Each structure stands twice: as C-alpha cells, then as structure tokens.
Amino acid sequence: MPELPEVEVVRSGLAPALVDATVSAVTVHDARALTRHPGSVDDFEQSLRGAHVVAVCRRGKFLWMPFTPAGGSNAARAVVAHLGMSGQMLLRFSGAPVERHERIRLDIDHPHHGALAVVFADQRTFGSLALDPLLPTTDAAPGGFGADEATVPAQVAHIARDPLDPALDETRLRRLWARKRSAIKRVLLDQTVISGIGNIYADEALWGARIHPETPADALSARHVTRLLAEIRAVLDKALAEGGTSFDAQYVNVNGQAGYFAHSLHAYGRTGAPCHRCGRPIARVSFMNRSSHFCPSCQRMPRTR
DNA sequence: GGGTAGACTTGCGATC
DNA sequence: CGTGCGCAAGTCTACC
C-alpha cells in the first residue's frame with residue numbers, strides 16, 4: 001500500500017491502539033517478513049515480547065514504533081515497518097482467525113482497548129518488519145509524523161523528510177532539484193531527495209503542475225518548482241482526506257476498508273481516457289521499469305536551453 | 001556519479 | 001477452457 005497517504009492512514013489507525021500498549025506475544029508465520037531485521041527470528045520475538053509501545057511514527061512510506069523493552073527504561077529501538085507493494089497492517093480482536101497472507105502477528109494489551117492483535121499481512125512479501133536502533137536526527141527536529149523525539153531508526157536515516165513534514169528543508173530541496181539533470185519524475189521517486197511519493201502521486205502531481213515527467217529537473221523554472229511543490233502537497237492532502245487509493249484488495253486501512261481516491265485520479269491508470277483538462281487521450285509510456293501516465297497535450301517539455 | 005537492469009514475490013486479467 | 005504473459009502502490013544492490 002504504498003505511498004504516503006496510504007501509509008499515513010495506517011499510521012493514524014494504528015496509533016490509538018498501539019500507543020501505550022504492551023506486546024504480550026509475537027508470532028512469526030513467515031521469516032521472509034523479517035528480511036530487514038538484523039537479527040534472527042528468535043531475537044525478534046524475544047526482544048519484542050513484553051515491550052511497551054511509546055509512539056507510532058512515519059516518514060515518507062516508512063512506519064516505526066519506538067518501544068521500551070520488558071523491564072527496560074528508555075526507548076532505544078523501534079519496530080520498523082515497510083509495507084512494500086502489498087503489505088497491510090490490520091487491527092483485529094484478540095484470537096481472530098489467521099488472515100490470508102498473514103506473516104507476523106503481535107498480540108497486544110492496551111490499558112483502554114484491552115486485548116488486540118496487530119496483523120502484518122503481505123501478499124507479495126516485499127514488505128517487512130524489523131527491530132532497529134534509534135539514531136538522533138541530523139537537524140534535531142522530530143524524526144517524523146507522530147514522533148516527539150528527534151530520532152529515526154537506522155534504516156530510515158537515509159530517507160529524506162516528506163512533503164507534509166514541517167521540518168522539510170525546502171531550500172535544500174530546491175537546490176537539489178536545480179542541480180539534477182535527471183528526469184523530474186525520477187527525482188520525485190528518489191526517496192533520499194524527498195520521500196513519500198510513488199508512481200501514482202508522481203504522475204498525479206506532474207499532471208496537476210502541467211509538467212512532462214521526462215523534463216530534466218534542472219530545466220524547471222522557480223515558478224515550475226513552486227507549482228509542483230504545491231501540487232504534490234495538494235494531491236497528498238486530498239488522497240489522505242479520501243482514505244488513500246485502492247485499486248484492489250491490497251490497499252486497505254487497519255480495519256480492512258478501501259480508500260476512495262482512485263475516483264479522483266487524473267493521469268495514473270487512465271491510459272487512452274480523455275484528459276480532464278483538455279480532452280485529449282492520456283498517454284502511457286514505459287519509464288524506469290514502470291509506467292508513466294501523462295497528457296501529451298497539456299504536459300509539454302519546456303524549450304531546450 | 002547517474003542510469004539501468006535485476007532481484008525479491010503473488011495474483012490478476014486480457015490474450016491466444 | 002487452459003495456459004502463459006504482462007503487469008502491479010517499492011526498495012536495494014550490482015554493474016555499466
């Protein structure tokens with residue numbers, strides 16, 4: 001499920017049930033879901049059993065839950081979750097039947113909500129959970145959305161802040177973009193430059209800003225960049241408000257429900273359909289081993305300099 | 001360094 | 001109807 005709005009829907013759904021909860025049991029059904037965990041399956045289970053969850057945080061498409069270990073004092077580590085292409089975090093009542101594609105289950109006890117199960121299910125196993133040490137952020141700002149502490153898991157340290165993060169350094173971002181000769185879509189998908197944008201929202205933001213996806217980043221004017229940043233934030237905000245984009249059963253919130261943003265798409269997946277601005281057909285081209293969708297009429301390449 | 005291709009994996013749907 | 005193929009919301013690594 002994948003991009004920022006979908007992951008944020010999951011984060012905000014998990015937070016009320018997980019913050020202040022204690023992990024009572026850990027069940028790993030499929031060790032492939034721990035490929036990013038630096039230790040063994042046993043280490044994962046034992047380190048998490050009895051742990052007390054402190055927060056549920058997100059930067060870009062990465063989620064993490066700082067925890068204090070059983071009998072421990074401060075949160076030095078976090079459970080890191082990445083949903084990959086098809087991961088789900090589901091909240092269930094304690095003892096609920098095993099889900100299709102269930103990989104890992106955390107049984108938790110919450111002071112107000114009682115006994116619950118947090119299920120990590122993932123059809124394609126590109127997603128994963130891991131335990132990871134928390135490192136100080138380089139800018140001393142909170143690590144991400146939902147984080148009070150200025151820390152991020154080691155695996156997230158190289159991921160840039162996302163467009164909805166108040167600590168995003170827009171000056172740095174503009175400088176980076178101005179230096180890159182790569183196609184702007186490639187740069188939007190580079191999570192070390194700005195995070196949280198994937199194939200759907202890259203296409204949507206570029207459509208909104210009327211920018212051809214293969215425009216070299218350094219060919220964009222300051223006006224273009226301003227418009228693009230505004231479109232990125234607008235499309236992410238709107239998708240978040242609509243509960244994310246669901247094409248199939250893969251993306252759902254913690255209760256298994258789909259989002260509505262698929263109805264608001266202007267470019268992504270609309271190959272051959274009339275552009276909502278000019279009526280000409282939306283084009284699809286292969287790009288970076290995936291698809292780009294855009295309007296060849298309203299998203300023109302700028303004149304070469 | 002930028003870029004590309006490939007690896008990981010399951011399931012769906014249009015095509016033959 | 002059966003089969004194989006292309007394609008899918010992501011990230012990381014190896015190699016030019």
Side-chain angles (χ1 to χ4, degrees), chain A residues 1-11 29-38 58-64 80-89 99-103 120-130 132 153-160 162 176-205 213-214 216-218 232 235-236 239-240 242-253 258-265 267-272 284-293:
Chain A
M1 7 196 161
E3 303 181 42
L4 187 156
E6 293 76 33
V7 180
E8 176 55 26
V9 167
V10 171
R11 191 207 64 81
H29 299 286
D30 191 331
R32 290 178 300 177
L34 290 178
T35 46
R36 288 160 177 254
H37 177 60
R58 182 193 54 75
R59 176 187 290 199
K61 307 169 195 173
F62 280 84
L63 287 171
W64 72 93
V80 181
H82 198 290
L83 302 171
M85 294 276 268
S86 57
Q88 307 175 332
M89 291 288 257
E99 296 286 332
R100 185 159 160 79
H101 304 306
E102 178 166 331
R103 308 296 181 193
F120 176 64
D122 188 11
Q123 178 197 92
R124 266 181 277 176
T125 75
F126 291 176
S128 64
L129 300 189
D132 213 27
Q155 298 182 9
V156 184
H158 69 294
I159 299 295
D162 62 59
L176 277 178
W177 282 1
R179 276 209 304 257
K180 300 227 176 233
R181 292 192 176 185
S182 304
I184 184 60
K185 178 159 176 189
R186 173 186 300 281
V187 177
L188 288 179
L189 296 176
D190 184 344
Q191 305 295 302
T192 68
V193 175
I194 191 166
S195 67
I197 302 168
N199 209 32
I200 297 175
Y201 299 112
D203 283 358
E204 291 304 305
E214 291 178 52
D218 65 0
I232 289 168
V235 73
L236 294 180
L240 186 51
E242 295 181 16
T245 301
S246 303
F247 302 124
D248 55 30
Q250 292 319 311
Y251 166 67
V252 291
N253 68 13
Y260 293 103
F261 193 73
H263 303 288
S264 302
L265 294 172
Y268 187 87
R270 297 194 64 248
T271 311
R284 172 185 172 278
V285 299
S286 230
F287 182 72
M288 289 175 71
N289 273 343
R290 34 181 61 198
S291 299
S292 269
H293 310 77

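Here is how names work: the chains are called A, B, and so on, in the same order as the sequence lines, proteins then strands, and each is numbered from 1. Because only heavy atoms are used, hydrogens play no part in the values below, and waters and symmetry mates are left out as well, while side chains stay in. None of the values given here were measured: they were computed from a predicted structure.
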Nearest to the [X] side chain among [options], which nucleotide is it?
X: A:Arg124; options: B:dA5, C:dT11, C:dA8; answer: C:dA8
X: A:Arg186; options: C:dC12, C:dC7, B:dT4; answer: B:dT4
X: A:Glu3; options: C:dG10, C:dC7, C:dC12; answer: C:dG10
X: A:Arg32; options: B:dT4, C:dC12, B:dT10; answer: B:dT10

For [N], take OP1 and OP2 only and decide whether either is under 4.0 Å from a side-chain N or O of [X].
X: A:His158; N: C:dT11; value: no
X: A:His82; N: C:dT11; value: yes
X: A:Ser86; N: C:dA8; value: no

Canonical and wobble pairing (Watson-Crick, G-U, under 3.5 Å) of DNA chain B, dot-bracket with | = .|||||||.||||..|
Per-pair stack call A:Phe126 and C:dT11, 5.5 Å, 30° |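 So no, this residue does not stack on that base, at least one cut-off failing.
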Could you check whether [X] gets within reach of a base, just the sugar-phosphate, or nothing at all, counting any heavy atom under 4.0 Å?
X: A:Thr245; answer: base
X: A:Tyr201; answer: nothing
X: A:Asn289; answer: base

Is a donor from one side chain sitting under 3.5 angstrom from an acceptor on the other, for [X] and [Y]?
X: A:Tyr260; Y: A:Ser246; value: no
X: A:Glu3; Y: A:Tyr251; value: no
X: A:Arg36; Y: A:Ser128; value: yes
X: A:Glu102; Y: A:His29; value: yes
X: A:Lys61; Y: A:Ser195; value: no
X: A:Arg284; Y: A:Ser291; value: yes
X: A:Asp122; Y: A:His101; value: no

So, for A:Gln155 and A:Val80, which heavy atoms are closest and what is the spacing to 0.1 Å?
->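 That closest heavy-atom pairing would be OE1-CG1, 4.1 Å.
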Atom of A:Thr245, atom of A:Glu6 and distance for their closest heavy-atom approach |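 Between these two residues, the closest heavy atoms are N-OE2, 2.8 Å.
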Separation of [N] [atom2] from [X] [atom1] (nearest whole Å):
X: A:Asp190; N: B:dG2; atom1: CG; atom2: C1'; answer: 11 Å
X: A:Leu176; N: B:dG1; atom1: CG; atom2: P; answer: 12 Å
X: A:Arg284; N: C:dG6; atom1: CZ; atom2: C1'; answer: 9 Å
X: A:Met288; N: C:dT11; atom1: CE; atom2: C1'; answer: 11 Å
X: A:His293; N: C:dC7; atom1: NE2; atom2: P; answer: 11 Å
X: A:Asp30; N: B:dC8; atom1: CG; atom2: P; answer: 15 Å
X: A:Phe287; N: C:dC7; atom1: CZ; atom2: C1'; answer: 18 Å
X: A:Tyr251; N: C:dG10; atom1: OH; atom2: C1'; answer: 16 Å

Side chains of A:Leu240 and A:Phe261: does their closest heavy-atom pair fall under 4.5 Å?
->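 Side-chain contact under 4.5 Å: no.
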For atom [atom1], what is the distance between [N] and [M], given to the nearest Å?
N: C:dG2; M: B:dT10; atom1: P; value: 23 Å
N: C:dC1; M: B:dG11; atom1: P; value: 22 Å
N: B:dT9; M: C:dT3; atom1: P; value: 24 Å

Every protein N/O within reach of nucleotides 11-13 of chain B N/O, cut-off under 3.5 Å:
unit_1, atom_1, unit_2, atom_2, d
B:dG11, OP1, A:Arg100, NH2, 3.4

Look at the side chain of A:Arg290 and the base of C:dA8, then say whether one donor and one acceptor between them are separated by less than 3.5 Å.
->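 It does not, because no donor-acceptor pair links the side chain of A:Arg290 to the base of C:dA8 below 3.5 Å.
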Pairwise distance CZ(A:Arg124) to OG(A:Ser86) - rounded to 0.5 angstrom =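 Between atom CZ of A:Arg124 and atom OG of A:Ser86 there are 5.0 Å.
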